[in-house]
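Down below is the structure, laid out as structure tokens.
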Amino acid sequence: MISVYAIILNWNRKVDTIECLKSIAKTKKSGFNLTTVVVDNASTDGSVDEIKKFVNNQDTILIVNDSNLGFAAGNNVGINYALFHSAEYILVLNNDTRLDVNLLHELVEAASKSPRGGAFSPKIYFEKGYEFHKKRYSESDLGKVIWAAGGIMDWNNVYGINRGVDEVDAGQYDKSLNIEFATGACVLYSASALKKVGVFDEKYFMYYEDVDLSIRLARAGFAIHFVPKAVLWHKVAQSSGIGSGLNDYFIARNRMLFGLKYASVRTILALFRESIKLLRKGRAWQRIGIKDFYLSKFGKGSWK
């Protein structure tokens, strides 16, 4: 029987995490064994006590970190636990998601047919009411608005782009294909591939760590697959807050870090020019993020 581990990271979002656990419990688990690992990042909202009520058998495990390790290191705690316990596939899953009953079945089936597959990315919809442009859609569109149908890179500007974002699904992204990156909101990794390339780079803390891992997998010869039959719904940016100081800080800093590792010389030079402008005229946390990049302050860095 195939061994699959699902990793859910929680930080002060106990309601989301418990709803996600209930969603996982309803999914089809044919042909594989599933163990769910909840990693708590030192929550202060009573999360641990509430989540413990749902950790009542060997299929669900709770690991409590002593501090907030961020997305990369926090998930790595769960990933490394799964690798140690001989997982064959590891699902990294945001706690603010709701799974279709066939999500895991479709991802595992796709993975079992792809020996050189390193990561498998589902079709992700906005959860109803969490769309970026709520007034754009009719009532019948809600729940069918795409957040990500796989990821592609804008290498000229060093931004990851979600295919199909804000589009109503009319079957235009129903073809399985190779993509450039799999978003960390929901991705099934091959354990054997992770053993070869490593886990999330903890320098990022959060943002770009999922793209970085996809690029490392691809450069090692593993495919990043989009699996359109696997679907779920995402309450977008519940922990970080779109347009927040947290966004400004980690995106400004990590975009530089990622670009320096993977972008062309021409793009790197453009990034350096842009960084000087941000140091002079950027928003407060953008300026701090750029400064920390130059000071090599990674991980949590200067974030409060």
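Not measured: the values here are computed from a predicted model.
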| said: Checking D100 against E106 for the side chain to side chain contact (heavy atoms under 4.5 Å, CB included) test, could you report, in this order, the C-alpha distance in whole Å, the side-chain angles of both residues, the deciding distance, and whether it holds? | reply: CA-CA 10 Å; D100 179 79; E106 294 292 349; over 6 Å; no
| Common cluster, L269/I276, ILVMFWY with side-chain heavy-atom separation under 4.5 Å | no
| task | Would you check if the side chain of N102 reaches a backbone N or O of K28 as a donor-acceptor pair within less than 3.5 Å? | result | no
| query | Does A223 offer a backbone N or O that forms a donor-acceptor pair with the side chain of R116 under 3.5 Å? | reply | no
| message | With a 4.5 Å cut-off on side-chain heavy atoms, are V55 and V38 touching? | response | no
| task | State the SG-CG distance between C20 and N95, to the nearest 0.5 angstrom. | result | 6.5 Å
| task | Could you tell me whether the side chains of Y207 and N247 share a donor-acceptor contact shorter than 3.5 Å? | result | yes
| Where the side chain of S43 meets the backbone of N12, is there a donor-acceptor pair that is under 3.5 Å apart? | yes
| Does the side chain of C186 reach to within under 4.5 Å of the side chain of T97, using non-hydrogen atoms? | no
| said: Donor-acceptor pair, distance only, cut-off 3.5 Å: does the side chain of S23 make one with the backbone of L99? | reply: yes
| message | Can you tell whether the side chains of R255 and E274 come within less than 4.0 Å, N to carboxylate O? | response | yes
| task | May I ask you to check whether over 12 heavy atoms, not counting those of R280, lie within 6.0 Å of atom CZ? | result | no
| Residue pair L91, L104: steps toward the side chain to side chain contact (heavy atoms under 4.5 Å, CB included) verdict | CA-CA 9 Å; L91 181 78; L104 280 164; 3.7 Å; yes
| message | Nearest 0.5 Å, please: how far is OH in Y89 from CG in L34? | response | 14.5 Å
| said: Around atom CG of D66, are there more than 12 heavy atoms from other residues, nucleotides or ligands closer than 6.0 Å? | reply: no
| Same cluster for F205 and L260 if Ile/Leu/Val/Met/Phe/Trp/Tyr side chains link at under 4.5 Å? | yes
| Are V211 and S214 close enough that some pair of their side-chain heavy atoms sits under 4.5 Å apart? | no
| task | Check for a donor-acceptor pair, side chain of E50 on one end and backbone N or O of K14 on the other, with a separation under 3.5 Å. | result | no
| query | Quick one: are L69 and L9 in side-chain contact, heavy atoms under 4.5 Å? | reply | no
| What's the spacing between Y204 OH and F298 CZ if we round to 0.5 Å? | 9.0 Å
| said: If you compare all heavy atoms of P122 against all heavy atoms of A230, which two are closest, and at what distance to 0.1 Å? | reply: CB-O, 3.1 Å
| message | By the ring pair (Phe, Tyr, Trp, His ring centres under 6.0 Å) test, which pairs, at least two apart or in different chains, include something from residues 264-289? | response | Y249-W285, W285-W303
| field | Cluster link I290 to L295, ILVMFWY, side chain under 4.5 Å | value | no
| Distance (rounded to the nearest 0.5 Å) between R98 CZ and K22 NZ | 14.0 Å
| query | Less than 4.0 Å between a side-chain N and a carboxylate O, is that true for D96 and R13? | reply | no
| message | Quick check: is I161 connected to Y125 through a chain of hydrophobic side chains (ILVMFWY, heavy atoms under 4.5 Å apart)? | response | no
| query | Does a side-chain heavy-atom distance below 4.5 Å link Y81 with V39? | reply | no
| message | Could you report the tightest heavy-atom contact between A185 and I124, atom names first, then the distance? | response | CB-CD1, 4.3 Å
| Which atom pair, heavy atoms only, marks the closest approach of E202 to A73? | CD-CB, 3.5 Å
| message | Parallel, tilted or perpendicular, judged at 30° and 60°: which one describes the rings of F258 and W155? | response | parallel
| message | Hydrophobic cluster membership, with links at side-chain heavy-atom distances under 4.5 Å among I/L/V/M/F/W/Y: are Y294 and V158 in one? | response | yes
| query | Do R283 and D248 sit within salt-bridge range, that is, some charged N less than 4.0 Å from a carboxylate O? | reply | yes
| task | For F54 and L62, run side chain to side chain contact (heavy atoms under 4.5 Å, CB included): C-alpha distance rounded to whole Å, both residues' side-chain angles, the deciding distance at 0.1 Å, then the answer. | result | CA-CA 9 Å; F54 290 82; L62 175 63; over 6 Å; no
| query | Take atom NZ in K29; do more than 12 heavy atoms of anything else shown fall under 6.0 Å from it? | reply | yes
| Cation-pi check, R163 onto F226 ring (under 6.0 Å, within 45° of axis) | yes
| remark: Interatomic distance, OH@Y137 vs CG@L142, rounded to 0.5 Å, equals 9.5 Å
| request: Flag yes if more than 12 heavy atoms outside K203 fall under 6.0 Å of its NZ atom; otherwise flag no. | output: no
| Please walk me through it: do I8 and I24 pass side chain to side chain contact (heavy atoms under 4.5 Å, CB included)? | CA-CA 11 Å; I8 302 173; I24 289 175; 3.4 Å; yes
| query | If you measure from the Lys or Arg side-chain nitrogens to the Asp or Glu carboxylate oxygens, is any gap between D201 and K261 under 4.0 Å? | reply | yes
| query | Tell me, do M256 and L271 make a side-chain contact under 4.5 Å, heavy atoms counted? | reply | yes
| task | Would you confirm whether N80, through its side chain, and N76, through its main-chain N or O, come within 3.5 Å as a donor-acceptor pair? | result | yes
| task | With rounding to the nearest 0.5 Å, note down the distance linking CG in N10 to CG in D40. | result | 5.0 Å
| Closest non-hydrogen atom pair, G184 against N94 | O-OD1, 3.5 Å
| query | Hey, mind stepping through N65 and N41 against side chain to side chain donor-acceptor pair (under 3.5 Å) and telling me if it holds? | reply | CA-CA 5 Å; N65 293 329; N41 251 349; 3.0 Å; yes
| query | Just wondering, are more than 12 heavy atoms of other shown residues or ligands nearer than 6.0 Å to NZ in K26? | reply | no
| message | With a 4.0 Å cut-off on N to O distance, would you call K123 and D169 a salt bridge? | response | yes
| field | Within-4.5 Å side-chain heavy-atom neighbours: L232 and L93 | value | yes
| Do S121 side-chain atoms and G150 backbone N/O form a donor-acceptor pair below 3.5 Å? | no
| With side chains defined as the heavy atoms from C-beta onward, is the minimum distance between Y262 and M153 less than 4.5 Å? | no
